[in-house]
Amino acid sequence: EVQVVESGGGLVQAGGSLRLSCAASGFPFDDYALGWFRQAPGKEREGVSCASFSDGSTYYAESVKGRFTMSSDNAKNTVYLQMNSLKPEDTAVYYCALRIGTRVLRRTWMLPEEYNYWGQGTQVTVSS
C-alpha cells in the first residue's frame, strides 16, 4: 500500500521558520517525484516545490524562491521543506504529493493532476 505522510506544521510568527517532512513508502518505481502543495481557504491548490528522484531536479514556485528549500533523503524516500522568512500569506494547509512511474517535467510539476498519491495535509499558520 502506497503511503504519503507529512509532519511538521504549526503556528509561527512572521519572519520565523518551520520545517515540514514527508515520507513516502509502498511503491516499487525508480522514477518518482515528491512535491509540496498548499491550499489556503477559498483558494486553489498551488504547487510550492518539487524534488525529482529520477534526475535530481528541484523546482520552486516564484513566491517561495529564496525562502523555502527542499531537500531529500533518497535512502528513506523522504523530503523536507525548510521554510524561512515566513509571511502571513504562506498560511495554508500544506500537502505532500507523490508522482510515480514517469519523470516529472519542468513545465508541469506544479499541476496537482500530475501526482498520484497525496498526504493528509498539515496546517501552517503564520501570524503577523
I want to check something: taking the side chain as every heavy atom from C-beta on, are Leu81 and Ser49 in contact at a cut-off of under 4.5 Å?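 Yes. Closest side-chain heavy atoms under 4.5 Å.
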Could you check whether any side-chain heavy atom of Glu46 comes within less than 4.5 Å of a side-chain heavy atom of Arg38, counting everything from C-beta outward?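 In contact.
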Kindly work out whether a path of hydrophobic side-chain contacts (I/L/V/M/F/W/Y, heavy atoms less than 4.5 Å apart) joins [X] to [Y].
X     : Y     : answer
Met70 : Val64 : yes
Val2  : Trp36 : yes
Val79 : Tyr94 : yes
Tyr59 : Leu34 : no
Val4  : Phe37 : no

Counterpart residues, ring pair (Phe, Tyr, Trp, His ring centres under 6.0 Å), relative to Tyr60 (two or more places apart):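 Ring pair (Phe, Tyr, Trp, His ring centres under 6.0 Å) list for Tyr60, sorted by chain: empty.
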Who clusters with Tyr80? Use side-chain heavy atoms, under 4.5 angstrom, across I, L, V, M, F, W and Y, and order the result by chain and number.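 None; Tyr80 is a cluster of one.
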Please enumerate all residues that pass salt bridge (charged side-chain N to carboxylate O under 4.0 Å, His left out) together with [X], with sequence neighbours excluded.
X     : answer
Glu89 : none
Glu62 : Lys65
Lys87 : none

Results of side chain to side chain donor-acceptor pair (under 3.5 Å) for [X] - residues two or more places apart only:
X     : answer
Gln3  : none
Tyr95 : none
Asp55 : Ser52, Ser57
Arg67 : Asp90

With rounding to the nearest 0.5 Å, note down the distance linking CE in Met83 to OG1 in Thr69.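 The CE atom of Met83 sits 11.0 Å away from the OG1 atom of Thr69.
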Rounded distance [0.5 Å steps], CZ in Arg103 versus CG in Asp31: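 So the gap between those two atoms works out to 5.5 Å.
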According to the side chain to side chain donor-acceptor pair (under 3.5 Å) rule, which pairs have a member within residues 11-28, sequence neighbours left out?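 Every side chain to side chain donor-acceptor pair (under 3.5 Å) pair that includes a residue of residues 11-28, provided the two are not neighbours, is Ser17-Asn84.
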Side chain Ser85, main chain Gly15, donor-acceptor under 3.5 Å: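 The answer is no, because no donor-acceptor pair under 3.5 Å joins these two groups.
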Disulfide (SG to SG under 2.5 Å) pairs, two or more places apart, involving residues 33-104: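 Found Cys22-Cys96.
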Contacts table for residues 114-128: side-chain donor-acceptor under 3.5 angstrom, sequence neighbours left out:
unit_1	atom_1	unit_2	atom_2	d
Glu114	OE1	Arg99	NH1	2.7
Tyr115	OH	Trp109	O	2.6
Asn116	OD1	Ile100	N	2.8
Gln120	NE2	Glu6	O	3.3
Gln120	NE2	Glu6	OE1	3.3
Thr122	OG1	Gly9	N	3.2
Gln123	NE2	Ala92	O	3.4
Gln123	NE2	Thr125	OG1	3.3

